[in-house]
Amino acid sequence: MSKHELNPEQEIAATHVEGPLLVLAGAGSGKTRVVTHRIVRLIDLGVLPSDILAVTFTNKAAEEMRSRIRAMKNAQVLACTFHSLGARILRESIGLLGYKPDFAIYDEEDSEKLLKKCLEQLQLNGDKGLLKELRGQISKAKNNGQSPDGVADRQLAQVYGIYQQALQDCNAVDFDDLLYLTVKLLQESEEARYLYQHRWNFVLIDEYQDTNHTQYTLAKILVAKHGNIFAVGDPDQSIYSWRGARYENILNFERDFPGAKVVILDQNYRSTNNILQASNALITHNPNRYEKKLWSASGDGEKIGLFIAQSERQEAEFVAHRIIKLSCDDHLSLNDVAIFYRTNAQSRTFEDALLSRRIDYKIIGGVSFYARREIKDILAYLRLLISDTDLISFLRTINIPRRGMGPSALEKIVDGAQAKKMPILTFCQEYGDSLKLNTKQQSGLSGYLRAINTLRNKLSSLKLHELITEVISETHYLDYLKEDPETEQDRKENIDELVGKAAEWEEEKEEPSLQTFLEELTLRSNAEEKVDLPTVKLMTLHNSKGLEFTAVFFGGLEEDLCPHINSKDDEDAIEEERRLCYVGITRARKYLYLTASTFRFMWGTLRAMRPSRFLKEIPSQFLQNLSPGSMTKTIRREEPEEFSDEVQEGFSSGDRVYHQQFGSGTVEKAYSSSFGLTYDVYFPQARTTRTLAAKFAKLTAE
DNA sequence: ACCAGGCTTCTTTTT
DNA sequence: GAAGCCTGGT
C-alpha cells in the first residue's frame, strides 16, 4: 500500500460524515492517519474547523493531532484532553455552579494537602492510611459521577462533602472536578447544555477504551443533539482502570449510540510478523476479551531477543550494549530506540548503564518539572496574585522564606479567617495586626502582604517572565535557596528554566495571561521536549501508549513487577497487566528485546525474582534466547566474580542469625546463586522472609 | 519555632 | 534506600 492511500476499512472510517461511528483500531493499524484524514475531509466538505472537537487522552496526542491537521490543511481545530476541555468549559460557565471563573486548579499534591486539612478538622488525622484511602475513594466517586450525597459510606460522604466545600471556599477545583463539575454543570443548567451541545457539531474521541464514566457521560451529553460521535479505540489497550476507565464503554458503543456503524481495523502496518504474532499469542490469554486477530503483510523479521540477567546491572548492561550494536550495525538513530519498564523506580539502573557508555537518553514522564518544590513555590506566589482565597497556596508560601510562622501561628490565622468567613488573604490584611503574633511573625506577615501587593500592582504592566523575576526578587527566594547549599544550584537552574519557559510561552500565545499559564502548567505533566540531540527514550509502559519505535527494550519482565505485585490474586487486574505488556510489545517495529533479572533490589533489599508469566505465554518459536546461561561459555567467563560458586563457610537451615538492620532471624534455606552463597532468612519481627547474599549482607551468628 | 535524627512506609501506572 | 513523619532537644 502506498503511503497516501487508505485500505478499504480505513477509507470507510475516513469518509464517514454524520452519525455515530466506532473505529476498533488495533495496534499499529493506522489509526492516527484515519483520524486526521477524516478531519481533513470534513473541512473539505465545508465544515468549519471551529465546529470540530477532538478529545485525546494526553497532551502529547493532542499536540500531534493539531500539528498534523495544521500541516495538511492549515486549519485550527480544537484538539485537547478531556481535562483541558473541562477547564475550558468551566472557565466560561462555572459561575452557574457558584464558583468564580478565575478558579485555581489543584494538582494531586495540592488537593491531598487540602484533604489533610479537612481530616484534621474532623479529628480523623490519627490514621495515616486513611488519607490515602479517602483520597482514592473521593476520586473514584467523582469519576463515577457521584456527589457527596450519592455515596453509600457515611464517613466517606461526610469527608467528601467537607472536602468539596473546602475546595469551593478556596475557589479551586481538583483534577477530577474538571470532569465531574463539567458534567454536573451540563446536567443542571439548561443554558449551559444548550451552549455546548451546539458548539461542536462533530466530536471525535480518541482512546475511547480508557474513558471513565464521567468522561463517557460528558461525551454523551455533548453529542446528544446531533449524534455525530466518532470514537476510536482498542479494548486490548485499556490500561487505565485504576483511574476509573471502563473498557466496557467501547463494547457498549452500539447500544449507547443507536444506529452506530462499526469499522474494524485489523491490518497492522507497524511490526514484523514475529513481533505481531507474539503479541497476538500473549493477548489471547485474556479470557474476557472481544476477539480480534491482527495480521500483517510484512515479513517475519528478526526473532524477539530474550535475556534473563543475573542482576539489574547485567540487564541494563545488556541493553546498553545492544543499543550500541544496533546503532553501529543497523545505523539506527538513538531516536528510534526506546526502553520501557513497569515502574519509574526501574529507570535508574538503565540510566547508569547508558551514562557510563555515553549514550544520550531522555526520560519521558517521570517526576514532572512543574512538581519540583521550587517551581511550585513560585507558582503558588503567582496564584496568590490572582486569588485571595487560595488557602493551599497561602499555606505553601507564608513561611517561605522563613517568617517564623509555625503551626500555632497558622492555626490562629486559619481559624480566624474561618470564623469571619473571609478569604484568607483578606483576613490577614484586615485582622493581621490583632492576632497576637510575636514581633518576628508580625513583621513577617506584613512583609509578606506588602510583597504580594507590590507584585499585584505590577501584574498588568509586566510581561509574564518579568513578573516571575519580580516574584523571585521581591520574596528574596534566592536567599532562601542558599540555606541548602546541596540543592541550591539545581533549584536555581530550574527557576531560570521556568523564567525561560515563561518567556517562550508568552511569545507563542496570542493572548498570554497569567491564568492560562498556570492552568497549562498544571494540566501538563511534563514539559514538551525540545528537538535536539538524538536520544534513547526511557519511559513507563503507560507512557508508551500511542508511540512506536524501531527498536524496543522491555525490561523487568518478572513476576511481582510485571505483572505488578499489587495485581496479584485479582484476575481483572492481571488481565490489565497483560494488556499493559501487550501495549509495550506492540510499540516495536523491527527489533524487540524482552529482559528480566533473577535478582533485583527492591525496597532496599535484594530479592530473588522469577520470570514473568507473560514470557511463558509467548511461544518460543518467536523468541531467541540470549541469556548468559544459554550462551557460549566465553561470555560466561567475562564476569567471573559474579558467577563463581566459591565455597564459603556459612550458616545452614535453622541457624539463628543477626542482621544489623533487620534484627534477629532464622535461616530458612541456604543455597548458591549468582551472588554466591545466599540465604532466605525469616525475620519474625517484620514477619517477612528476605533473600540475602552472604557477601553483601553482614550476618552474624546469634 | 526549628532542627536533627530515627522511625516508618513505600511504589504501580497519569490528567 | 528515599522521602516523609514523628519526637525530643534547643
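So you know, we letter chains A, B, ... as the sequences are listed, proteins then strands, and number each from 1.
Listed candidates were dT13(B), dT11(B), dA1(B). Nearest to the side chain of Ala409(A) is dA1(B). With distances taken from any side-chain atom of Arg402(A) to the nucleotides dT13(B), dC2(B), dA1(B), the minimum falls on dC2(B). Relative to the side chain of Glu108(A), the nucleotides dT15(B), dC5(C), dT11(B) differ in distance, and dT15(B) lies closest. In this structure, of dC5(C), dT11(B), dT15(B), it is dT15(B) that holds the atom nearest to the side chain of Phe175(A). When the nucleotides dT15(B), dA1(B), dT14(B) are ranked by their closest atom to the side chain of His83(A), dT15(B) comes out on top. With dA1(B), dT13(B), dT15(B) as the candidates, the nucleotide lying closest to the side chain of Thr81(A) is dT15(B). In this structure, the nucleotide among dT14(B), dA1(B), dG1(C) sitting nearest to the side chain of Trp603(A) is dG1(C). The side chain of Tyr240(A) lies closest to dT14(B) when the candidates are dT11(B), dA1(B), dT14(B). The side chain of Lys116(A) has dC5(C) as its nearest neighbour among dC5(C), dT13(B), dA1(B).
Between the side chain of Glu207(A) and the main chain of Gly233(A), no donor-acceptor pair closer than 3.5 Å is present.
Protein atom CG of Leu606(A) is 14 Å distant from nucleotide atom C1' of dG1(C), rounded to whole Å. As a whole-Å value, the separation of Arg243(A) CZ from dT13(B) P is 13 Å.
No contact: Ser84(A) has no heavy atom under 4.0 Å from any strand.
For Asp102(A) and Arg383(A), the salt-bridge test fails: no basic side-chain N is under 4.0 Å from an acidic carboxylate O.
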When you compare the protein's N or O atoms with those of nucleotides 8-10 of chain C, which come within less than 3.5 Å of each other, and at what distance?
none

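Judged as a ring pair (Phe, Tyr, Trp, His ring centres under 6.0 Å), and not counting sequence neighbours, the contacts of Tyr477(A) are Tyr480(A). Evaluation of the ring pair (Phe, Tyr, Trp, His ring centres under 6.0 Å) rule for Phe517(A) yields Trp505(A) as partners, not counting sequence neighbours. Applying the ring pair (Phe, Tyr, Trp, His ring centres under 6.0 Å) rule to Phe175(A) yields no partners; only residues at least two apart in sequence or on another chain are considered. For Phe549(A), there are no ring pair (Phe, Tyr, Trp, His ring centres under 6.0 Å) partners, not counting sequence neighbours. Partners of Ser238(A) under the side-chain hydrogen bond (donor to acceptor under 3.5 Å, both in side chains) rule, at least two apart in sequence or in another chain, do not exist in this structure.
Rounded to whole Å, the C1' atom of dC6(C) lies 22 Å from the corresponding atom of dT11(B).
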